[in-house]
Novice: 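Quick one: structure below, then a few questions.
Order of appearance sets the numbers: ligands from 1, and atoms from 1 within every ligand.
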Amino acid sequence: MPVPVPTPAATAAREILTRLHDVMAGRTHAQAKLNNVVQIIGEALTSEVCSIYLLRDGVLELYATRGLSQAAVHVTKLALGEGLVGTIAKFVETLNLDEAESHPEFAYKPETGEELYHSFAGVPIVRRERAVGVLCVQHAAARRYDDVEIEALQTVAMVLAELIAAAGLIDEGLGAGSGARDTGPAQLAGLKLVDGMARGHAVFHQPRVVIEHSIAEDIEAERQRVYSAFRQMREQIDRMMSQSEFGTAGEHRDVLETYKMFAYDEGWSRRINDAISSGLTAEAAIERVQQRTRMRMREIDDPLLRDRMHDLEDLANRLLRIVSGQLGTAAQMGLRQDSILIARNLGPAELLEYDRRRLKGVVLEEGSLTAHVTIVARAMGVPVLGRTRDVRHTVAEGDLLLLDATQQHLVARPTAPMEEAFEAKLAVTQKRRAEFAALRDLPAMTTDGVRIQLMVNAGLRDDAAQLDVTGADGIGLFRTEFQFLVSATLPQREHQQRLYRDVIEAAGDRPVIFRTVDIGGDKALPYMKIEGASGEENPAMGWRALRLALGRDALMKAQARALLEAAAGRTLHVMFPMVSEPWEYEDAHTLFEEQRAWLQGRGKMGPGAVRYGAMLEVPALAEVLDQLLPQLDFLSIGTNDLTQFLFAADRGNPRLAERYDWLSPAILRFLSRVVTACQTAGVPVGVCGEMGGRPLEAMALLGLGIDRLSITPAAVGPIKAMIRSLDVGAVRAAMPAWLAEGPRNLRQRMEAWAGEHAVALL
Ligand code: PEP
Ligand code: MG
């Protein structure tokens, strides 16, 4: 790594740090040191005012100031969230204002005499990811501080964190936002990322790295320490990638490739080097860059990009541990039996380091459904609860935990009755699972002899294994965009083809219905700039799916060729998402047929046959089925999108999640008309939305005449049990009256009917 030329920010910070170094090394009392610090910073930034507030007993107290009234020291106090200082501490964020008073949170403190000053810049003093104080500067003139000055303040704040911790000026562990750790039972809510239940003891992924020294004695020596740590880290990653477990192609591989890309990212090492040039130790420089990354991360709205940033954090932690010699993660120290891992977030590679026989569950403070770590955990079969706020503060190492990701909650230090209830539920779940497993090889046949096609929804290479696990009849919806979502760059055609071929091969003679990419809108790809798609107000109704694919026909052509070649010699099933008018289907169909002819012209082997389908997700399409159906081999109803459009109710809005019922007359009448149109036209029709994975809803769908469902693999057991207990002729006979009457309590009516007819609704 070349030695970088220090940036202006590094130079500014270094000047201050050099002077601070002497203050820190001095034998004076902490208060005297702080008094010196505010003078040094104030002079360096030519600020009339420089103040330090520290968090004591939950309030921010003015501890030292240059420029404000000395009488206010230890007198002026602000609650967290109060005033500008309180806001900085509460949200752990930087403020830079040319007119302090105009900020909505401004709170005037007359004893300080601060009315003379217009501009204000403040940064949080952070320890263990929590604000323990605030460092701020003020100017009489109204001016914004430039980036160089803000950077210098942030760097100084890091050093201050060390000083005040060493002097015992703050209560360790009592940073902003933390609560006293309880010893009684605690219940925490989270978000289900990977389904399942687990009982185990809390293990913290990372015993924290505490930075002891932040000002460098010898900058060159610090630089060498970082070089060597980078080398070691890269070796570790390379080793990990060459392990046979990750050697095979697949999602894990793609994820790790991204990880590796970050490890070798020159921009990152340059920023760390730059922080060292400003006078920080290697540890402090890594932490400083990480803090900046976190700050940026908070501003980013794009969940996918945020997930990538977590990978970078994961690596930064690894680097910090190497450089500080505080090496062990819980994985390296060896897990005890039945462990539940606790972390703010995890990188995919970090998770893979754990012994999966001992790891029973994972609880994250962050995490999201599309994060790499979630994908890896799903493949490992480990339940994961995400977005569990404050778990690291509520739970202590070794606590007994009851994790119920399915119900989206966690109990720590349970009482005996809580434990009994959990065990009972676990036993029922296990028994039920065993019962469902016993149905695996039995047909999805109703009591009156109608064979229902029961398929699974999938999206990743490993999902194909679910066919054997569940005994499903095929993959009724393969969401091809998943591969695009987990990659760092647009997947090349060869990679797409390999995935499709692997899935087709794993499925054997069971059909796989590939849906062409449904990207755009809320499934934006950070690496793909789509004109007209950014900042859409209603992304679900925006430039997505087939609309986007037809507009970017190079993308669609590449996917068509990948699919056609992958299905060489076999039947390819392909369907298009979000078809809104017949011409969109026609154009997509033409594009595929042109690619097929192109392959043939070059003597390449294409599929033996292609069966084309459309998804019905946009209500308008239902009005023109007479024109569309004659062109189709099959229709698949995507009830997730369809119902959100029918009710004008965002499917991702939790407040609307329970408001409208899938079993409402509006939806069922609509579906009934579609089914009838398909039956009249002789076109097979199925449902591939989540609705089909719920027993009562599935019963209603069969009652409408549907005989193909594609559902999430975990639902195959319960749905098959329902089918095998159902007289579908009877429910079909009952349906017209229900639809005609359209009662408000249709769900209860159907439930009662199911009860009377002994339909298994588990
Ligand atoms: C649907 O909308 O019902 C569907 C199956 O597609 P997705 O959930 O992928 O939007
Ligand atoms: Mg959809």
Novice: Among Val728, Val759, Thr446, Val450, find the residue that satisfies the side chain to side chain contact (heavy atoms under 4.5 Å, CB included) test when tested with Ile723.
Specialist: Thr446
Novice: Below 4.0 Å, non-hydrogen atoms only: which portion of Met691 touches ligand 1? Side chain, backbone, both or neither.
Specialist: neither
Novice: Return yes or no for this condition: an N or O of Arg515 is under 3.5 Å from an N or O of ligand 1.
Specialist: yes
Novice: Is there side-chain contact between Leu668 and Met750, with heavy atoms separated by less than 4.5 Å?
Specialist: yes
Novice: Quick one: does ligand 1 sit under 4.0 Å from the side chain of Glu690, the backbone, both or neither, non-hydrogen atoms only?
Specialist: neither
Novice: Does the structure place the NZ or CZ of Arg673 under 6.0 Å from the centre of the six-membered ring of Phe670, at an angle of no more than 45° from the ring's axis?
Specialist: yes
Novice: Answer yes when Glu593 and Arg596 have at least one side-chain N-carboxylate O distance shorter than 4.0 Å, and no when they do not.
Specialist: yes
Novice: Do Arg544 and Asp641 sit within salt-bridge range, that is, some charged N less than 4.0 Å from a carboxylate O?
Specialist: yes
Novice: Which of these passes side chain to side chain contact (heavy atoms under 4.5 Å, CB included) with Val574: Thr480, Thr516, Asp633, Ile513?
Specialist: Thr516
Novice: Show the atoms of ligand 1 that are less than 4.0 angstrom away from any heavy atom in Glu617.
Specialist: 1 (C), 2 (O), 4 (C), 6 (O)
Novice: Just to be careful: counting only protein atoms that are N, O or S, how many fall under 2.8 Å of the Mg ion (ligand 2)?
Specialist: 2
Novice: Out of Leu477, Asn640, Val618, indicate the one that has the non-hydrogen atom closest to atom 1 (C) of ligand 1.
Specialist: Asn640
Novice: What is the ring orientation for Trp753 with Trp738, classed by angle as parallel under 30°, tilted 30 to 60°, or perpendicular over 60°?
Specialist: perpendicular
Novice: Look at Glu565 together with Arg501 and state whether they make a salt bridge at an N to O cut-off of under 4.0 Å.
Specialist: no
Novice: For residues Tyr500 and Gln559, is any side-chain donor paired with an opposing acceptor at under 3.5 Å?
Specialist: yes
Novice: Please list, in number order, the atoms of ligand 1 under 4.0 Å from a heavy atom of Gly689.
Specialist: 3 (O)
